[in-house]
2 protein chains.
Amino acid sequence: MNDKVSDLVDQMKRCGYKVTNQRELILKEFTEKGGHLSAQEVYENVRKVIPHISLTTIYRNIEMLIDIGVLCPVELASASDGSALYEINRIHDHHHHLVCTKCGKIIEFNMCLFQEIGKKLSSITQFKIDEHRLKVFGRCPKCQHGR
Amino acid sequence: MNDKVSDLVDQMKRCGYKVTNQRELILKEFTEKGGHLSAQEVYENVRKVIPHISLTTIYRNIEMLIDIGVLCPVELASASDGSALYEINRIHDHHHHLVCTKCGKIIEFNMCLFQEIGKKLSSITQFKIDEHRLKVFGRCPKCQHGR
DNA sequence: ATATAAATGGTAATGACTTTCATTTAGAAT
DNA sequence: ATTCTAAATGAAAGTCATTACCATTTATAT
């Protein structure tokens with residue numbers, strides 16, 4: 001179990017959840033691929049180690065990990081299929097996504113000019129603003145040919 | 001049939017689609033409520049006029065209307081239930097959404113500082129950028145009490 | 001009026017996700 | 001180390017939005 005995973009396992013413990021092989025492996029998936037994974041993808045990978053794991057367990061634990069702030073949903077209809085994607089919640093690493101509309105490739109970036117808009121917006125609307133997401137769609141270098 | 005609807009009907013005709021009562025009424029829903037509607041909501045409203053209309057017809061026509069650029073998906077997991085929302089595609093009226101995470105109320109705004117980011121982003125990533133969406137989440141004045 | 005491709009309605013299928021419930025297990029208590 | 005118990009799991013059935021299929025109807029070109 002690498003450092004990243006054990007940090008997250010600790011966080012889970014502190015929240016009163018038990019440590020299971022299933023949970024460790026799910027966390028391992030998210031830290032290793034560093035990526036944007038669907039429940040199905042996590043399932044298929046973890047299954048190589050625990051063949052009898054249930055997809056239900058994946059869904060349940062992703063939800064739990066979102067509750068305690070370890071994961072967060074990527075909030076994109078993942079290009080082709082309609083399933084949700086999740087990633088490690090890097091709370092101090094504000095970032096947005098650039099998505100290729102052809103192949104689904106996701107690039108992260110952290111340029112952001114939201115502060116200026118945010119203040120105006122909350123004074124005009126009287127909303128308490130908690131969060132924002134910028135999604136940019138385009139075609140990656142490989143997918144630019146033939147509209 | 002009001003002006004807005006007949007404009008859109010014309011657009012449909014030009015694209016080679018036939019004009020049916022069902023289609024006219026679906027368009028009417030989107031122009032009148034000016035809003036962010038789910039297939040189910042359109043269905044329930046149109047059913048008051050054509051009680052035998054099929055939900056399938058709603059889905060099919062929403063898809064067709066997206067194809068020809070009349071509608072576009074709002075791209076938000078609609079707060080409570082997981083169904084998609086659609087709106088009239090106002091191509092020259094660039095706007096974004098501020099969503100209340102409690103009651104689902106949506107406010108539109110058009111402040112946007114994307115140009116500056118967009119240029120940098122495409123020169124760094126070599127993506128051809130087509131589109132972007134900014135979504136802001138918060139709590140509306142009514143929903144601000146009791147986290 | 002007629003022909004015909006397109007549109008519709010009804011029903012069944014799909015697929016992501018959730019619920020249920022009986023069984024297993026992590027970790028606290030002894 | 002053993003026992004206990006609530007929490008976690010797995011398997012199967014259930015939801016719910018959306019899609020596919022197919023027989024029937026209809027808009028519109030002729």
Side-chain angles (χ1 to χ4, degrees), chain A residues 1 6 9-27 36-44 46-68 70-71 73-86 104, chain B residues 1 6 9-27 36-44 46-68 70-71 73-86 104:
Chain A
M1 175 163 65
S6 71
V9 167
D10 286 348
Q11 190 170 340
M12 235 176 54
K13 272 189 196 162
R14 280 197 302 279
C15 294
Y17 291 99
K18 293 178 179 173
V19 179
T20 64
N21 291 336
Q22 288 85 337
R23 284 175 172 170
E24 283 184 3
L25 284 163
I26 292 169
L27 286 171
H36 307 84
L37 297 167
S38 66
Q40 189 65 41
E41 284 164 337
V42 174
Y43 178 57
E44 279 157 22
V46 174
R47 213 141 73 116
K48 291 169 191 162
V49 186
I50 310 182
H52 63 278
I53 195 173
S54 165
L55 184 53
T56 308
T57 299
I58 309 291
Y59 276 110
R60 259 190 304 233
N61 282 311
I62 287 176
E63 195 191 358
M64 179 272 288
L65 291 167
I66 290 173
D67 277 353
I68 67 173
V70 167
L71 296 182
V74 176
E75 299 264 4
L76 302 162
S78 102
S80 32
D81 69 8
S83 56
L85 297 183
Y86 309 91
Chain B
M1 178 163 61
S6 70
V9 166
D10 285 348
Q11 190 169 339
M12 234 175 54
K13 270 189 200 164
R14 279 196 304 278
C15 294
Y17 291 100
K18 293 177 179 173
V19 180
T20 64
N21 292 334
Q22 288 87 335
R23 286 175 170 170
E24 283 184 4
L25 284 163
I26 291 169
L27 285 171
H36 308 82
L37 298 168
S38 66
Q40 188 64 41
E41 283 165 336
V42 175
Y43 178 57
E44 280 158 20
V46 175
R47 212 140 73 115
K48 291 170 190 160
V49 186
I50 311 182
H52 63 279
I53 196 173
S54 165
L55 184 53
T56 307
T57 298
I58 308 293
Y59 276 108
R60 258 189 306 236
N61 283 312
I62 286 176
E63 195 191 359
M64 178 272 288
L65 292 167
I66 290 172
D67 277 352
I68 67 173
V70 167
L71 296 181
V74 177
E75 297 265 5
L76 301 161
S78 104
S80 33
D81 69 9
S83 55
L85 298 183
Y86 308 91

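Proteins get letters first, then strands, A, B, ... in listed order; numbering begins at 1 in each. All values below come from the heavy atoms of this structure, side chains included, with hydrogens, waters and symmetry mates left out.
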(request) For a side chain to side chain contact (heavy atoms under 4.5 Å, CB included) with Val42(B), tell me which candidate from Ile26(B), Leu27(B), Thr57(B), Asn61(B) qualifies. (result) Ile26(B)
(request) Nearest whole angstrom, please: distance from the P of dT5(D) to the NZ of Lys18(A). (result) 13 Å
(request) For Tyr43(A) and Leu55(A), work out which heavy atoms get closest and say how close. (result) CE1-N, 3.5 Å
(message) Reading DNA chain D from 5' onward, which residue's closest nucleotide shows up sooner: Arg60(B) or Tyr86(B)?
(response) Tyr86(B)
(message) At 4.0 Å (heavy atoms only), tell me whether Arg23(B) reaches a base, stays on the sugar-phosphate, or touches nothing.
(response) sugar-phosphate
(request) To the nearest Å, give me how far apart OH (Tyr17(A)) and C1' (dT9(D)) are. (result) 15 Å
(request) Mind calculating the distance between CG (Leu37(A)) and C1' (dA16(C)) to the nearest angstrom? (result) 16 Å
(message) The side chain of Ser54(B) is closest to which nucleotide in this list: dA27(D), dA16(C), dG10(C)?
(response) dG10(C)
(request) Figure out the CD1/P separation between Ile58(A) and dA11(D), and round it to whole Å. (result) 12 Å
(request) Looking at every strand, decide which applies to Thr56(A) at a 4.0 Å heavy-atom threshold: base, sugar-phosphate, or nothing. (result) base
(request) Could you work out which one of dG10(D), dT8(C), dG9(C) sits closest to the side chain of Asn61(B)? (result) dT8(C)
(message) Using modelled atom types and a 3.5 Å cut-off, is there a donor and acceptor pairing between side-chain atoms of Arg47(A) and backbone atoms of His52(A)?
(response) no
(request) Could you tell me whether the phosphate oxygens of dG10(D), OP1 or OP2, come under 4.0 Å of any side-chain nitrogen or oxygen in Thr57(A)? (result) yes
(request) Assign Gln40(A) to base, sugar-phosphate, or nothing according to its heavy-atom contacts below 4.0 angstrom with the strands shown. (result) nothing
(request) Map Leu55(B) and Val19(B) onto DNA chain D by nearest heavy atom, then report which one ends up closer to the 5' terminus. (result) Leu55(B)
(message) With a 4.0 Å cutoff (strictly under), does any side-chain N or O of Thr20(A) reach OP1 or OP2 of dT9(D)?
(response) yes
(message) From CZ of Arg47(B) over to C1' of dG9(C), roughly how many Å is that when rounded to an integer?
(response) 13 Å
(request) Using a cut-off of strictly less than 4.0 Å, decide whether Tyr59(B) has a side-chain nitrogen or oxygen near OP1 or OP2 of dT18(D). (result) yes
(request) For Ile68(B) and Gln11(B), work out which heavy atoms get closest and say how close. (result) O-NE2, 3.3 Å
(request) Can you tell me the distance, in whole Å, between the CD atom of Glu24(B) and the P atom of dA7(C)? (result) 14 Å
(message) Rounded to whole Å, please give me the gap between NE2 in His52(B) and P in dA7(C).
(response) 16 Å
(request) For residues Met12(A) and Lys18(A), report the shortest heavy-atom separation together with the two atoms involved. (result) CE-O, 3.3 Å
(request) Using atom CD1 of Ile62(B) as one end and atom P of dA7(C) as the other, report the distance to the nearest whole Å. (result) 16 Å
(message) It should be established whether Gln22(B) places a side-chain nitrogen or oxygen under 4.0 Å from OP1 or OP2 of nucleotide dT26(D).
(response) no
